[in-house]
Novice: 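One structure coming up, written as structure tokens, with questions to follow.
Ligands are counted one by one from 1 in listed order, and the atoms in each one are counted from 1 as well. The structure presented is a predicted model; accordingly, all values stated were derived computationally and were not measured.
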Amino acid sequence: MDNTHFDLAIVGTGSGNSLVTPNFDGQRIAIIESGTFGGTCLNVGCIPTKMYVYAAEVANTVRSAARYGIDASLDGVRWRDIRDRIFTRIDPISEAGKRYRQAGPNTTAFLGHAEFTAPRTLSISTGEVITADRIVLATGARPAVPAQIAGSGVPFHTSDTIMRIDALPRHLIIVGGGYIAAEFAHVFSAFGVPVTIINRSTQLVRAADSEISHRFTELAGRRWRLRLGCEVRSARERDGELALGLTDGSEVTGDCLLVATGRIPNSDRLNLAAGGVEVLPDGRIKADPYGRTTAEGVWTLGDVSSPHQLKHVANAEARCVAHNLAHPDRLHAFDERFVPSAVFTDPQLASVGLTEDQAKAQGLAYRAVVQHYGDTAYGWAMEDTTGICKLVADPRTGLLLGAHLMGYQASNLIQPLVQAISFGQTVADVARLQYWIHPALMEVVENALLKFRFDEQDAVFAPGEL
Ligand code: FAD
């Protein structure tokens, strides 16, 4: 038997690792990883960030306890203990995953960087060259660092490194205003660190519905120092103090710099041309809706090819590609119609479907409603003054077009709306054909749905009902 030939080679062990299903029992699988086994979500992404976010929420709960008549004080934040609790849980999972694949009955793990040397031929930095009937590229994405910072010589962190620092900074500067910036700003400021955000756009979380992004930016400005509408022009360091010169002529100083200016797909280090794999102008691997690249037998999934860069999308694509590899005659397509997302900042943000601006730009007939958390019983309990649930719906069909939440547990509250939009349930049915538990916070969603009132020509809803 040729030991260098495999039935399947998987490059990347994030979502790629889950491709090894019983469908491939008896087939020889190579799994190749150049970084930490388990990929971004487990090691440097979703999971550790949310473990920090939970601790941040505990700190903020203590801080705000007096509001509810509970006297409590935050005596301290033990950063190292928080960090070690997180990584003593995560690191063994990564290590066990690696050992499992190394010892697997039909898997061979290669711990090195893979790149194509010819169609369906991979050279690995550990010295091996392997061939495979089918190859899946699941190589993810990495932080993008602006040239002004990368070339300046100043020390900086990205999401890959900031979570493992040894001590809390005295003053954290974050460059970027997307979800990663917003989550880390929340975590560090809840832990008592002053945070300054420098962002090119005048809005934070710009991808959100503009009403949400405006409200969020306004709230963020009360908590963090915001330097919006400007970019970093220069960066220098002296005696552990960083000074960033901005395009508006001002300067920002701090002792720790986090660069969170987006992520770039890991397609550029695979020598894809040698494998016959084409890349889109934005750097993502070109793929059809089934996950097939332009090269025969080469498939892709996750952040390296998806426009979404979300773990639940990468997971869904992995399930799809696993099916398609096993059933070439019955291919499943990726379903990207309604991809929800959440930002675990403070307050949380969650979204699915079209924003109001998108509905408007597409010339759709739509109605938008906003329900405040503070106008529900649970909102009173929480003394909430900022949470909102905004819905956009089509008055002709009664179907939801989009849902956008900002507030406590937005990432959970949105799920019935994700379900409604995914299964084509009308606003009226979702609002009326089920019980909503009283007085749960979910009444925010129920009341938002009940706010729609369409006139008599709008056939879907009975007049006066909705
Ligand atoms: P990855 O998990 O990145 O796996 C790719 C693997 O391929 C890596 O291990 C890499 O080392 C390896 N690799 C790359 N090139 C090569 C090569 N040439 N040879 C061998 N190996 C290679 N998403 C959410 O849905 N919810 C969240 O809350 C969330 N939070 C996040 C927070 C942060 C800070 C970050 C950075 C991301 C977050 N994400 C979140 C995004 C999510 O982590 C990614 O969408 C997801 O992990 C992508 O999975 P993947 O399998 O495509 O890639």
Novice: With a 4.0 Å cut-off on heavy atoms, is Tyr179 in contact with ligand 1?
Specialist: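 Tyr179: in contact with ligand 1 (<4.0 Å).
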
Novice: Report yes if the side chains of Leu219 and Pro347 come closer than 4.5 Å at any heavy-atom pair, otherwise no.
Specialist: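 SC-SC contact between Leu219 and Pro347 confirmed.
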
Novice: Under 3.5 Å between any N/O of Asn266 and any N/O of ligand 1: does that happen in this structure?
Specialist: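 Checking ligand 1 against Asn266, no N or O pair falls under 3.5 Å apart.
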
Novice: Do Thr139 and Arg269 come close enough that some side-chain heavy atom pair is under 4.5 Å?
Specialist: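 Heavy-atom side-chain distance check fails, nothing below 4.5 Å.
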
Novice: Nearest non-hydrogen atom to atom 31 (C) of ligand 1 belongs to which of Gly16, Cys46, Ala181?
Specialist: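 When every heavy atom of Gly16, Cys46, Ala181 is considered, Cys46 comes closest to atom 31 (C) of ligand 1.
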
Novice: Checking the N or O distance criterion of under 3.5 Å, is ligand 1 in contact with Arg269?
Specialist: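 Min N/O separation from ligand 1 is not below 3.5 Å for Arg269.
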
Novice: Please confirm whether Ile124 approaches ligand 1 to less than 4.0 Å, judged on its heavy atoms.
Specialist: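 No, Ile124 has no heavy atom closer than 4.0 Å to ligand 1.
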
Novice: Please work out, at 4.0 Å between heavy atoms, whether the side chain, the backbone, both, or neither of Val44 comes within that distance of ligand 1.
Specialist: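 It is the backbone that touches ligand 1; the side chain stays farther off.
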
Novice: Closest by any non-hydrogen atom to atom 14 (C) of ligand 1: pick that one out of Thr139, Val343, Thr300.
Specialist: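 Ranked by closest heavy atom to atom 14 (C) of ligand 1, first place is Thr139.
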
Novice: Does any N or O of ligand 1 fall below 3.5 Å from an N or O anywhere on Arg263, backbone included?
Specialist: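 For ligand 1, there is no N or O atom that lies under 3.5 Å from one belonging to Arg263.
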
Novice: What about Ser159: any of its N or O atoms under 3.5 Å from an N or O on ligand 1?
Specialist: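 Such a contact does not occur with ligand 1.
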
Novice: Check Glu183 with Lys50, please: is the shortest side-chain N to carboxylate O separation under 4.0 Å?
Specialist: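 Answer for the salt bridge query: yes.
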
Novice: If the cut-off is 4.0 Å to any non-hydrogen atom of Gly12, which atoms of ligand 1 fall inside it?
Specialist: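 Per the distance check, 6 (C), 7 (O), 12 (C).
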
Novice: Decide whether an N or O pair under 3.5 Å exists between Glu33 and ligand 1.
Specialist: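 Glu33 vs ligand 1: N/O contact under 3.5 Å present.
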
Novice: Between ligand 1 and Pro48, can you find any atom pair, the residue atom being a heavy atom, that is separated by under 4.0 Å?
Specialist: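 Contact absent.
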
Novice: Ligand 1 and Leu310, any nitrogen or oxygen pair closer than 3.5 angstrom?
Specialist: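 Leu310 vs ligand 1: N/O contact under 3.5 Å present.
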
Novice: So, is Asp303 polar-close to ligand 1, with some N/O to N/O distance under 3.5 Å?
Specialist: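 It does: an N or O of Asp303 is found under 3.5 Å from an N or O of ligand 1.
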
Novice: Tell me which part of His113 gets within contact of ligand 1: side chain, backbone, both or neither, using heavy atoms under 4.0 Å.
Specialist: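 Within the 4.0 Å criterion, His113 contacts ligand 1 through backbone and side-chain atoms alike.
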
Novice: Have a look at ligand 1 and work out which part of Leu270, if any, has a heavy atom under 4.0 Å from it: side chain, backbone, both or neither.
Specialist: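 Side chain only.
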
Novice: Flag this pair as yes if the NZ/CZ of Arg101 is under 6.0 angstrom from the six-membered ring centre of Phe37 and inside a 45 degree cone about the axis; otherwise no.
Specialist: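 Not flagged: Arg101 not positioned over aromatic ring of Phe37.
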
Novice: Below 4.0 angstrom, N of the basic side chain to O of the carboxylate: do Asp84 and Arg78 qualify?
Specialist: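 Result for this pair is no, no salt bridge flagged.
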
Novice: Would you mind running through ligand 1 and noting each atom that sits below 4.0 Å from a heavy atom of Ala138?
Specialist: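 Answer for ligand 1: 4 (O), 5 (C), 6 (C), 7 (O).
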
Novice: Does any N/O atom on Thr49 come nearer than 3.5 Å to any N/O atom on ligand 1?
Specialist: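 No: no nitrogen or oxygen of Thr49 is under 3.5 Å from one in ligand 1.
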
